[in-house]
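The structure appears below as structure tokens.
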Amino acid sequence: MSRKPAVMHNVAIRDGTARVAVLGRGRPALFLHGISAHGRAWRPVAELFVEAHPGWECWLPDLPGRGASDARPGLSYTLDDEVRRLRELVRALAPDGPRPRLVAGHSQGAAIALALALAERSISGLLLSNPVTPEIRSPTVLRLLRSSTVRAAIGSLLAPLHAPLGHLVLRRACGPAFRAPPDLVAAYARPWGSPRQARTLLRILCDWRPSELEDRMPRRSVAAHVTAGAHDPRIPVAAARRLAARLECGFTLSRDGGHVLTEQHPRLLARLLGELAARLPPGQGPATKG
């Protein structure tokens, strides 16, 4: 089946300009990528979802500072910062229309989705793939990145090595059963080829504190589903299971999966997303803000 190309939007927000790919037309669903990834990570899932579920519209942003989105220099990227920018982005995309009630998040994007659901009570469905949880700890070495001088030096060192380093990092993240295609490897490695964007990505890594999520989890019942990969080197399966138990929601383990289930098993995630969509009320009015 031939797939319609995404409609691209450059959305101005106070802290920069966000690039958003939109697939389908109808009720909006928001897709949030991982810490140094891009909206393309969810594209295979979104394409399958809109084919199987007409009447839905998938929003795939490159979060500020990542992908094709631009961000002002000197920004901070705490969990609260990410949520604030997302809320502004959503309002800019649909100033008068419905807001997303269904949100899919991968890795750090899953943590942001949870915090966003606390801030936006209109969100009533969450698909959390390879989710960062409050118990995950940031590596101690990232404290070195608090210095802008260190970030600048490391960014300049990484730029000429971005292609082989990107290949090694993504190969490990994929696990033993999935080999990432060359175009996917290039998409993940490309941002590190720019010293300026590399400095921004290093700032994002420095500011990220998974423990911040502990006090920003939804305090109400939300339809959710958690997925994990048995070979994920970043998110322990036990941590993902505990998150599912805390949310009192379904849990799916991919026996051959790594950290990038969005690319490895898009049909599985599209099916789970469809099941969540079916549980949401059919009507949708204006968003209720928390």
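Predicted, not measured: the structure shown is a model, and the values here were computed from it.
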Please test Q108 against Y77 for side chain to side chain contact (heavy atoms under 4.5 Å, CB included), starting from the C-alpha separation and ending with a verdict.
-> CA-CA 12 Å; Q108 184 213 28; Y77 294 87; over 6 Å; no
Kindly determine whether T17 and H9 satisfy side chain to side chain contact (heavy atoms under 4.5 Å, CB included), including the steps that lead there.
-> CA-CA 10 Å; T17 302; H9 297 269; over 6 Å; no
I would like to know whether L247 and L243 meet side chain to side chain contact (heavy atoms under 4.5 Å, CB included); could you show each step before the answer?
-> CA-CA 6 Å; L247 295 173; L243 177 64; 4.1 Å; yes
In sequence, state the C-alpha distance, the side-chain angles, and the governing distance for R25 and V50, and then conclude on side chain to side chain contact (heavy atoms under 4.5 Å, CB included).
-> CA-CA 9 Å; R25 187 173 179 84; V50 296; over 6 Å; no
Salt bridge (charged side-chain N to carboxylate O under 4.0 Å, His left out) evaluation trace for E275 with R279 = CA-CA 7 Å; E275 292 173 0; R279 294 168 60 184; over 6 Å; no
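In this structure, L272 is not a member of the same hydrophobic cluster as L30, with clusters built from ILVMFWY side-chain heavy atoms closer than 4.5 Å. Both I112 and V90 sit in one connected hydrophobic cluster of ILVMFWY residues. Membership requires side-chain heavy atoms under 4.5 Å apart, directly or through other members. L63 and L202 fall within the same hydrophobic cluster, where Ile, Leu, Val, Met, Phe, Trp and Tyr residues are linked whenever their side-chain heavy atoms come under 4.5 Å apart, directly or through other members. No path of Ile, Leu, Val, Met, Phe, Trp and Tyr side chains, each step under 4.5 Å between heavy atoms, connects F49 with W59, placing them in separate hydrophobic clusters. A chain of hydrophobic side-chain contacts below 4.5 Å, direct or via other Ile, Leu, Val, Met, Phe, Trp or Tyr residues, connects L102 to L60.
The two residues C249 and V226 come nearest to each other via the heavy atoms SG-CG2, 3.8 Å. Taking all atoms of both residues into account, the shortest heavy-atom contact from W208 to S138 is O-OG, 2.9 Å. Nearest heavy-atom pair across W56 and A29 is CE3-CB, 4.0 Å. Shortest non-hydrogen contact noted between A21 and A6 is CB-CB, 4.0 Å. Shown here for I13 and P64, the closest heavy-atom pair between the two residues is CD1-CG, 4.0 Å. Heavy-atom minimum distance, A113 versus L126: O-CD2, 3.9 Å.
Side-chain atoms of R220 come within 3.5 Å of backbone N or O of A117 as a donor-acceptor pair. S147 places a side-chain N or O within 3.5 Å of a backbone atom of T149 that can act as its donor or acceptor partner.
I154 contributes atom CD1, which lies 7.0 Å from atom CG of L158 (distance to the nearest 0.5 angstrom). Taking OG of S124 as the start and CZ of R101 as the end, the distance is 4.0 Å to the nearest 0.5 Å. To the nearest 0.5 Å, atom CG of residue L86 and atom CG of residue L93 are 10.0 Å apart. Here the straight-line distance linking atom CG of L114 with atom OG1 of T133 works out to 10.0 Å at 0.5 Å rounding. Here the straight-line distance linking atom CG of L273 with atom CG of L48 works out to 10.5 Å at 0.5 Å rounding.
The side-chain hydrogen bond (donor to acceptor under 3.5 Å, both in side chains) analysis of residues 222-236, with sequence neighbours excluded, yields the pairs S129-T227, N130-D232, H225-T252, D232-H259. Sorted by first and then second residue, the side-chain hydrogen bond (donor to acceptor under 3.5 Å, both in side chains) pairs involving residues 189-201 (not counting sequence neighbours) are D70-R196. Applying the salt bridge (Lys or Arg N to Asp or Glu O under 4.0 Å) test to residues at least two apart or on different chains, the pairs with a partner in residues 53-68 are R66-E82. Counting only residues at least two apart or on different chains, the salt bridge (Lys or Arg N to Asp or Glu O under 4.0 Å) pairs with a member in residues 127-149 are E135-R242.
Here the side chains of L276 and L280 are not in contact, with every heavy-atom distance at 4.5 Å or above. Between L116 and I123, the closest side-chain pair of non-hydrogen atoms falls below 4.5 Å. Side chains of S69 and P61 form no contact here, defined as non-hydrogen atoms less than 4.5 Å apart. Contact annotation: the side chain of L269 approaches that of W42 to within less than 4.5 Å [non-hydrogen atoms, C-beta and beyond]. Residues H106 and L128 have side chains not in contact (no heavy-atom distance under 4.5 Å, counting atoms from C-beta outward). Side-chain atoms of F251 and V237, non-hydrogen and from C-beta on, do get closer than 4.5 Å to each other. When side chains are defined from C-beta on, R91 counts as touching R87, because their heavy atoms get closer than 4.5 Å. Counting heavy atoms from C-beta outward, D81 and D15 have side chains that stay 4.5 Å or more apart.
Not counting sequence neighbours, the partners of R14 by the side-chain hydrogen bond (donor to acceptor under 3.5 Å, both in side chains) test are E88. Under the rule for a salt bridge (Lys or Arg N to Asp or Glu O under 4.0 Å), R255 has no partner lying at least two apart in sequence or in another chain. For R203, the salt bridge (Lys or Arg N to Asp or Glu O under 4.0 Å) partners are D207, not counting sequence neighbours. With sequence neighbours left out, E263 forms a salt bridge (Lys or Arg N to Asp or Glu O under 4.0 Å) with no residue at all. By the salt bridge (Lys or Arg N to Asp or Glu O under 4.0 Å) test, R43 pairs with E47, sequence neighbours left out. For H265, there are no ring pair (Phe, Tyr, Trp, His ring centres under 6.0 Å) partners, not counting sequence neighbours.
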Table please: side-chain donor-acceptor pairs of residues 209-216 below 3.5 Å, with sequence neighbours left out.
unit_1 : atom_1 : unit_2 : atom_2 : d
R209   : NH1    : C206   : O      : 2.5
E212   : OE1    : L79    : N      : 3.1
E214   : OE1    : R246   : NH1    : 3.4
E214   : OE2    : R246   : NH1    : 3.2
E214   : OE2    : R246   : NH2    : 3.0
R216   : NE     : D80    : OD1    : 2.7
R216   : NH1    : E212   : O      : 2.7
R216   : NH2    : D80    : OD2    : 3.1

Return a table of donor-acceptor pairs under 3.5 angstrom between the side chains of residues 159-187 and protein atoms on other chains or two or more places apart.
unit_1 : atom_1 : unit_2 : atom_2 : d
H162   : ND1    : A159   : O      : 2.7
D183   : OD2    : R40    : NH2    : 3.0

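A side chain to side chain contact (heavy atoms under 4.5 Å, CB included) with C58 is found for exactly one of V22, L23, V45, namely L23.
H38 and H33 have tilted rings, their planes meeting at an angle from 30° to 60° on a 0 to 90° scale.
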